[in-house]
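Lettering of chains follows the sequences in order, A, B, ..., and the numbering in each one begins at 1.
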Number of protein chains: 2
Amino acid sequence: MKGYHMSIEATLEVIGGKWKCLILCHLETGTKRTSELKNLLPGITQKMLTQQLRDLEEDGLVIRNVYKQVPPKVEYRLSEYGKSISPILDAMCHWGKDHLEQAEKNRGHAKA
Amino acid sequence: MKGYHMSIEATLEVIGGKWKCLILCHLETGTKRTSELKNLLPGITQKMLTQQLRDLEEDGLVIRNVYKQVPPKVEYRLSEYGKSISPILDAMCHWGKDHLEQAEKNRGHAKA
DNA sequence: CCGTATCCGAAAAGATACTG
DNA sequence: CAGTATCTTTTCGGATACGG
């Protein structure tokens, strides 16, 4: 049992780090198999991908589905609980977009 | 110039890490001086606090105000731009609260 | 195809001491 | 009171090789 001082800390614990928000974003648009996610996340290693997915699974946000066949096929999708996090992701995506446009404009009339 | 694949990455760059969201949350409720923030953030060191505040200042989210006196007095507050990030913080706070309540219930009827 | 294990370097974070 | 500088520790992320 952890003692948080603010509830936002619980959120950070679940979606913090370099990759989890990105993964969740991609799963928002539908079920993906491992190799698809890897392609959608340039720069991620197999290890990090698996690791982050395990974390998300443990927290109940993501559901893992293994097809018993050779070669293996594994799919990931958002759980109902996982979908409840969409408002956060959407807000972050939206703000990020504005932020980039802002930065773009500022380059236009830079003083030097 | 960075090349992001998703706009959410820009957001993560700005508010990522262990402390920035917490700091912004506290500044949402009004101007705070350094020592106040330190008290509001149990576990943070002077170094981390200053460092994170500098980052936020550089990104234009926080405004730093130095009173020229002895002993020194420094206040921090959200800029207008900083306030635009509130929807994200609020969503995170809200979800975290629910998440903690959820975890609470699950402890009640754990299967083993 | 998917996942694990191991090793390694970089970066984050913490402790401490010092300055204006 | 606020901030800086330095050092150590810990964590995170990446490269690689291997296994089912």
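Residue pairs that meet the ring pair (Phe, Tyr, Trp, His ring centres under 6.0 Å) test with at least one member in residues 30-50 of chain A, sequence neighbours left out, do not exist here.
A straight line from NZ of B/K18 to P of D/dC12 spans 9 Å, rounded to a whole angstrom. Taking atom CD on B/Q69 and atom P on D/dG3, their separation rounds to 13 Å, with Å as the unit. To the nearest angstrom, P of D/dA2 lies 15 Å from CD of B/E57. Rounded to whole Å, the distance from CD on A/Q51 to P on D/dC12 is 9 Å.
Read 5' to 3', the first and last nucleotides of DNA chain C with an atom closer than 4.0 Å to a heavy atom of chain B are C/dA13 to C/dG20.
The stretch residues 21-43 of chain B touches DNA chain D through B/R33, B/T34, B/S35, each having a heavy atom within less than 4.0 Å of the strand.
Between B/S7 and A/K97, the shortest heavy-atom distance links the atoms CB-N, 3.7 Å. The heavy-atom pair separating A/L12 from B/K18 by the smallest distance is CD1-O, 4.3 Å.
Within the 4.0 angstrom heavy-atom criterion, only backbone atoms of the sugar-phosphate kind lie near A/Y76; the bases stay farther away.
In this structure, the side chains of A/W95 and B/V14 come closer than 4.5 Å at one or more pairs of heavy atoms. With contacts defined as side-chain heavy-atom distances shorter than 4.5 Å, the pair A/M6/B/L22 qualifies. At a threshold of 4.5 Å between non-hydrogen side-chain atoms, the residues A/D55 and A/L61 do not count as touching. Looking at B/T50 and B/T34, their side chains never come closer than 4.5 Å, going by heavy atoms from C-beta outward. Between A/V74 and A/N65, the closest side-chain pair of non-hydrogen atoms is not below 4.5 Å. In this structure the side chain of B/K83 reaches within 4.5 angstrom of the side chain of B/E80, judged on heavy atoms.
Annotation: side-chain contact (heavy atoms from CB on, under 4.5 Å) contacts of A/K32 (sequence neighbours excluded): A/L27, A/T29, A/E36, A/L37, A/L40.
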In 5'-to-3' order, the base (B), backbone-only (S) or no-contact (-) status of each nucleotide in nucleotides 4-9 of chain D, using a 4.0 angstrom heavy-atom cut-off, is B-BB--
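Using a 4.5 Å cut-off between side-chain heavy atoms of Ile, Leu, Val, Met, Phe, Trp and Tyr, with links allowed through other members, A/Y81 and B/L100 fall into different hydrophobic clusters.
Annotation: of the two residues near DNA chain D, A/P72 and A/I44, the 5′-most nearest-nucleotide partner is A/I44.
Note that CG of B/L53 and CE of B/M48 are 10.5 Å apart. Values are rounded to the nearest 0.5 Å. Expressed to the nearest 0.5 Å, how far OG1 of B/T11 lies from CG of A/L89 amounts to 10.5 Å.
Across the helix from C/dC1-D/dG20 to C/dG20-D/dC1, the helix axis at one end is tilted relative to the axis at the other end by 40° (nearest 10 degrees, each axis from five pairs).
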